[in-house]
S.K.: 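I have a structure here, written as structure tokens, and I will follow up with some questions on it.
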Amino acid sequence: MNAETTSRQPILAIEHVAVHFGGLIAISDMNFHVGEGELVSLIGPNGAGKTTAFNVITGFLKPTKGRVTFRGTSLNGLKPHEVTSLGLVRTFQRTSVFDKITVFENVLIGLHRRTAASLFGTLMSLPKERNAEAALREQAWEILKLVGIDHQADELGGSLPYGDQRLLGVALALAADPSALLLDEPVSGMNASETARFVSLLNKLRAKGKTILLVEHDMPMVMGVSDRIVVLNYGRIIANGTPSEIQNDPEVIQAYLGQGVKHA
Amino acid sequence: MKRFLPYIAVAFFASVPLWLQDQYFLHTLVVSGIFMLAAMSLNLLLGYTGQLSLGHVAFFGIGAYVSALTSLGFSVSIFGFQITHEPWPPVVGVILGTLVAGICGYLIGKLAFRVRGAYFVIVSISFAEVVRLVALNWVELTNGPLALPGIPPLTIGFEWTGYATLWGKAQNYYVVLVAIIIAYVIIKRLVYSPFGRAMIALRENETLAMSVGISVTKYLVLAAIFAGAMAGTAGGLYAHYIQIIDPMVFMFLNTVTMVIMVITGGKGTLAGPLVGGLIFGLAPVVLRSYVGPELQWILYGLLMILIVFVLPDGIVPAIERWFGRSSGNADDQRPLTLETSKAPQS
Amino acid sequence: DDINIGVNMPLTGAFAASGDYVTNGAKIAVEEINAKGGVLGRKLNLIIEDNKSNPTEAAAVTEKLIVRDQVPVLLGAWGSSLTLATMPKLMQYQVPMVVETSGANKITESGNPYVFRIAATQHIEAKGFEEKLGLFNIKKVDFLVINNDWGRSTVTEFTKMLENKSIQVGYVEMMDQATQDVSSQLSKLKGSDSDTIIVTTAVEQLTLVLKQAQALGIDKQIITTGGSQNPDQLIEQAGSAAENTTHLVFFAPWEPDSTASPDKTKAFIDAWKAKGYDFAGLTESFRGYDGMQVIAAAIEKAGAVDPAAIQKALWDTKVDVLNGAVSFAKVGQAGAESAQSTPNIYFGKIENGKVHVLR
Amino acid sequence: MDQLLQHLVNTLIMGGTYALLGIGLTLIFGIMKIVNFTHGELYAFGAYMMYFFAVILGMDFFLSIAFAIVAGMVLGAAIEFTLLRTKRGADIDTTMILMIGAWIVLQNAEQLTWGGIAKSVPSPLPTEPLVIGPISISYLRAMVLLIALMLIAGTYLVINRTKLGKAMRATFQDSGTAALMGVNISAIYTMTFALGSALAAAAGALLGPVFVIAPTMGDLASLKAFAIVILGGLGNITGAAIGGFILAFSEEIGAGYISSGYRDAMGFLIIIIVLLFKPTGLFARSERIG
Amino acid sequence: MLEIRNLVCRYGKVTALKGISLTVPEKQLVVLVGANGAGKSTTLRAISGLVPAASGGIFFCGQEITGMSASRILSLGIAHCPEGRRVFPHMTVLENLEMGCYLRSDGKEISSDLDRIFSLFPRLAERRKQVAGTLSGGEQQMLAIGRAMMSRPKLIMFDEPSLGLAPNIVEQTFAIIQSIRESGTTVLMVEQNAYAALDMCNYAYLLEAGSMVLEGPGEKLINDPHVREAYLGAGLAHA
Ligand SMILES: Nc1ncnc2c1ncn2[C@@H]1O[C@H](COP(=O)(O)OP(=O)(O)OP(=O)(O)O)[C@@H](O)[C@H]1O
Ligand SMILES: Nc1ncnc2c1ncn2[C@@H]1O[C@H](COP(=O)(O)OP(=O)(O)OP(=O)(O)O)[C@@H](O)[C@H]1O
Ligand SMILES: [Mg+2]
Ligand SMILES: [Mg+2]
């Protein structure tokens, strides 16, 4: 296994995390770092524990053992919204948008962290609150454009086609103003061309200095965008290295990649 | 047109005591108004945060008891300490009732929002039942089933101005009307703000809401505080208007009445509880003049069923849709949304 | 044109059965009065409103009867909390009401000069019981009562009286109005060393208490109070469980001859039966009948259909009704006294499936 | 000690009753997710039907029970068919309002039909209790317990061991997908509601002779049934049964040793406490996020 | 075997299918490709009776099935493995699979089919008693595929079967689908992994915004410049 191949400042550290569900061990020992501005992919067979790892990092699950730190702060015991407020935001593997609300309002809700309204001011309807509201709408609009679903702003979230719902999910996460973004299979259900467009969105985000941790089964994409790849199998890390190192790791090929890696 | 609707409604309702001769009808309007206020507060929980609270009458009753006891005075011994309270003016009672009910909202919110959905429904019912049983059995304070009679009517004024007692129906009617307007404005500002959006987000998808940084407890508790306090105000007004309360104020049917008002009117809409409240506040009066006792109830039940059948989202969304359609931008798929994007021209 | 009289009764909800009985009793009285030519040459007409067993409604109904129907006098409102809820309205509009069933002391103590009660308070019941203590052999008593004003004041008044007579009081157990299972309370009473259980609750729950007491093998003297227990209904519904129980009542239709006015009683029972009503309802319905008789007598005396005149006349009304003689005495707050009449009390004991009056 | 023994026996008997009330509702509320306010009315309906068959028509006691259960099943199916069929997939409070409406209508229809005066049904079993040392048990109530346990076991088997039960659970977890598996969704909706209603009516038919039958008897029954279902965890048959016994136990002990005024409060307090520590009932199932 | 003529489907005001026609011959593998929201899933849902047809007809083995209930259609031999897993979350893996053969009553064969699925997806065998809702995304997808196979249909429809599966499992799944077809079952598949899908199919359709715009054998579509640009990602460089 490779040593940490990053020279960047590690901001997210997963330290010897284990997760058990009753007798079932979903993660046995997970230990890796993500550096500032880095794009790290977490891959592995189905049921390896990737989503579980996301759940632990973002406070939806308490680890049985170990801890997670973000910019030096321990995340143990924090609630999901507290983790988010530190700038660590995730998307979900299963499509997750506010179904019965318009796309635009979805993003407005996502902007929750950026609102400056006070309860008193709101009830008194002070000018400051009204201006803040106008500013939010502006921001919502920008995010929709960035993700490329602005033409659907007035559609209901739930009536978007599957792929666009996934984009909306990303827009929601971006609205929460993350400095580090955790994406759980963002391009599943997208075809190659849609994926390519998503990759260019990823690149824009990287250019803005966002740190990204990506879970994805689309190997061409993962190999193309990742700075580094961590491979998980049965809750253990079996490899950690650059895309080319991973691509040729026999254990990874055996457990995960199979023979036809070079599709497309 | 739509913008002026609330003002037209207020003007109309403000004029009612001026031309309405029938005092009994005015009485019905006052009582319905009090229940509408309670229904509006329930709507905050049920309509905006999606928490089906079937114990809402607890806040109403707590407001009523606190207000009544404040203005009647009491003397109880708790763990050997004798606590005696001399009567205060009724207005202070209503304010205290509002505060105490709000605090109960806070406590219940903190505790009960650990559970969701069906479980919350039962916890809320249980809470109301426990409060009812306390009111029934803590005879020293509440007089238990013997009721608290002789609650003074509301008075307005200060020590140096002298007090005006609100005996009349018209005066009470205006007090209730003003309370409803204030509650309406508060709820409107709240739900159209980031606070309200957070509540709606929790209603729609809690996990997702958390993931964008919305604190579940904070917003549910906030809603519970406001809902509790407003229901408390309604309870206080009720106590001073009816002038007697007993543990029957906590009866489940009162919660059911509020729920009916909210859902038939249109949950999650500002005007819903008011429209529903007017219909189901007046329905018994209308029915009473035509049919026998059991049939009154049966028709009342059928009316509810009919409204839900014909207008599943409630009356107000249906009217809005109808308005929308006739003005040419119909969209019947979105009764729950707050607003459209109104893109800035950039 | 007719004289309208308001009746404020629970016709739906928890107390519907009793409210119905009382209302039917009132109707029979009105028919009888009208058949004899009415009052002041005018016919009486009842305006009956359902208060839904709910105090808020009781107040609303009073408002309606007084304001819209302009009734000069009311009969109502069965339960104490229902009656209490109507009282501010009486005060506000200065209209008198004859209270036929409610027994809470509060009603006559709260300074409302518009209530005229022909029902017994628990204090009156306790005194009646005291007079007849000799009929029973009691050393120690437990209570099992409904958890409301009625049950609770029964405990207070009877305890006072019993302790004066050096009879011990043991457990006091409560049951909620809607409770169907009282085995836990009864199990506790079964284990106590008292010889008598005083039970106060409505007839439905009484049936349950007796049946469950039998199932638990409780073998103590059971005496019920309250006056609306319908011993006949108990016999029918509780069967052998009702054997040897004694019931404090205000009307004894089983032995008309032992009542205050046997002829009237017989006539009333005949009228009741003629309508096909349940015999068991008599111990409630007589209240409605008596109440209407009192109202009619008062209007006659007043000579005018006007609330103030009727209120004034009620004070001087003396009339013989099924229960006995009604005449009102001043009780409660000085200067704003309410009126209370003192009804007669009987004890009916169930033996071999029949009720007989203890003497 | 004797008193405690009697309390424990009472718990057993009352618990069976509560469990019976609970399992019917656990199907409708727990599995179908309908806040079924008509449950108590179906309970009352079962009791009145018992009265109708056994007293008015003079039929055999046990046969009347069976007929009353069938009547409850038919009424349940009718309610589903008229009120709920077109409202499938509507949210929980829409159907709740319909059920509240039906509750009000049914209760008052009952009063209109039968009058407000309570009815009672004589039982053919000996009224003198069975006495074993310090404890007494009524034969009737022992029979109720026995039948209740049988019905609970039967329902458990149907839901967990048969194809029908599996189809029911599948339908209410994801009706679209269940349809894809070949399940006749409409039939399952009606059947589940009818089955739950039949169980409520069974409780009424069995308890009618034990208690008295009155139009408002269903209200408290409804409330308790909800509580029991929640204690046991939604949709969990064994949970509902155990929940029934826990509720009975807490009420019995609360009334026997604390204060009978707070007897009903005990049950609700237990619920609040249980849910605060185990927010999804005593027998929760695991969920996952993401 | 399956034929669709001028099918129109609507969701409220949205017209998702604007009169499409399509044929699936017996024992063939037909693929439906198209962008997000083109109406692919709607097509499958219409066939299996989950969404009503506004107009047009669907015929299976010469019989019109438009308007039939989902269970009727299944009993005629059309199975549908829906998009996005849709397992029964509170039932165990085994119960989910048993739901797949709800209409079958041949006990013995059922258990041999179960064994086959467990040997195809050993991951599921390990988790036979686990509640499906707690499975990982990919495990649920395997379960959904296995469940659809349990009904032994004449025609099986897969909606994006590779969604969320690991690359080696994707390969394996495609191999299984091939073998299903080889064993005589007709397959209609919607797939975003267009290259692989077109590569293995007999015939393919391209759906865009609710209309069929192109059809032909797999290679024809692979080589079509529009398809290459819009669906296969050629010409758009990966970063
Ligand atoms: N709440 C839970 N209860 C029991 N087991 C669980 C729970 N959540 C996850 N698991 C199990 O833990 C293992 C890891 O699941 P996880 O969702 O993390 O996998 P994954 O790596 O994201 O897989 P995929 O690529 O298929 O999404 C799986 O085998 C799953 O069945
Ligand atoms: N339940 C629904 N209500 C309203 N509109 C819907 C609904 N389901 C789908 N649509 C709309 O119908 C159209 C076709 O959707 P469909 O799901 O069939 O697309 P698809 O080709 O399967 O896309 P994807 O690749 O994203 O799965 C889309 O425009 C979508 O927005
Ligand atoms: Mg995953
Ligand atoms: Mg699709």
Side-chain angles (χ1 to χ4, degrees), chain D residues 26-33 85-86 88-90 156-192 229 232-240 280-281 283-290, chain E residues 41 44-45 47-51 68-92 94-105 107 110 130-137 139-140 143-144 147-153 156-157 159 164:
Chain D
T26 214
L27 293 181
I28 297 175
F29 180 47
I31 298 184
M32 295 181 82
K33 297 283 149 37
R85 177 152 292 221
T86 54
R88 276 182 202 153
Y156 178 85
L157 290 178
V158 168
I159 298 298
N160 290 303
R161 295 287 152 78
T162 66
K163 218 166 168 177
L164 176 68
K166 226 178 284 159
M168 283 177 175
R169 284 181 292 145
T171 300
F172 300 112
Q173 285 168 30
D174 186 339
S175 60
T177 310
L180 283 183
M181 302 294 118
V183 178
N184 181 343
I185 302 297
S186 294
I188 292 288
Y189 269 88
T190 312
M191 252 190 279
T192 311
V229 170
L234 285 179
N236 187 330
I237 311 270
T238 10
T280 43
F283 308 96
R285 54 189 173 202
S286 47
E287 306 278 347
R288 78 168 262 161
I289 286 161
Chain E
S41 302
L44 299 198
R45 281 187 216 138
I47 296 171
S48 59
L50 287 182
V51 293
M68 278 187 187
S69 76
S71 63
R72 251 329 274 297
I73 292 172
L74 176 74
S75 68
L76 292 176
I78 302 182
H80 179 172
C81 173
E83 178 177 31
R85 307 172 188 117
R86 304 285 291 271
V87 295
F88 299 113
H90 301 304
M91 297 170 89
T92 63
L94 188 62
E95 284 177 319
N96 263 280
L97 290 173
E98 285 168 355
M99 278 310 293
C101 49
Y102 181 72
L103 291 182
R104 286 172 60 185
S105 49
I110 288 179
Q130 189 172 331
V131 175
T134 65
L135 293 176
S136 84
E139 290 163 349
Q140 291 186 11
L143 180 55
R147 190 180 57 187
M149 288 164 60
M150 283 301 289
S151 73
R152 285 217 179 167
I156 184 165
M157 304 190 291
D159 199 342

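Just the heavy atoms: all of them, side chains too, but no hydrogens, waters or symmetry mates, feed the values below. Since this is a predicted model, take the numbers as computed values, not measurements.
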S.K.: Which residues pass the ring pair (Phe, Tyr, Trp, His ring centres under 6.0 Å) test with D:Phe172, sequence neighbours left out?
M.R.: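 Applying ring pair (Phe, Tyr, Trp, His ring centres under 6.0 Å) to D:Phe172 gives D:Tyr189.
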S.K.: To the closest 0.5 Å, what do you measure between NZ (D:Lys166) and CZ (E:Phe88)?
M.R.: 11.5 Å
S.K.: Please name the pair of heavy atoms, one in E:Met99 and one in D:Ala170, separated by the smallest distance, quoted to 0.1 Å.
M.R.: CE-CB, 3.6 Å
S.K.: Hey, what do you get for CE (D:Met181) to CZ (E:Arg147), rounding to the nearest 0.5 Å?
M.R.: 4.0 Å
S.K.: Not counting sequence neighbours, which residues clear side-chain hydrogen bond (donor to acceptor under 3.5 Å, both in side chains) with D:Asp174? List them please.
M.R.: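 In terms of side-chain hydrogen bond (donor to acceptor under 3.5 Å, both in side chains), with neighbours along the sequence ignored, D:Asp174 is linked to D:Thr177, E:Arg86.
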S.K.: Return a table of donor-acceptor pairs under 3.5 angstrom between the side chains of residues 71-84 of chain E and protein atoms on other chains or two or more places apart.
M.R.:
unit_1: E:Ser71; atom_1: OG; unit_2: E:Ser69; atom_2: OG; d: 3.4
unit_1: E:Ser75; atom_1: OG; unit_2: E:Ser71; atom_2: O; d: 3.4
unit_1: E:Ser75; atom_1: OG; unit_2: E:Arg72; atom_2: O; d: 2.6
unit_1: E:His80; atom_1: ND1; unit_2: E:Ser48; atom_2: OG; d: 2.8
unit_1: E:Glu83; atom_1: OE1; unit_2: E:Ser41; atom_2: OG; d: 2.8

S.K.: For chain E, which residues from residues 156-163 of chain D have at least one heavy atom closer than 4.5 Å to it?
M.R.: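 The stretch touches chain E at D:Lys163.
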S.K.: Just by distance, do the side chain of D:Gln173 and the backbone of E:His90 share a donor-acceptor pair under 3.5 Å?
M.R.: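 Checking the backbone N and O of E:His90 against the side chain of D:Gln173, a donor-acceptor pair under 3.5 Å is found.
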S.K.: How long is the span from the CZ atom in E:Arg45 to the CG atom in D:Leu180, to the nearest 0.5 Å?
M.R.: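 These two atoms lie 10.0 Å from each other.
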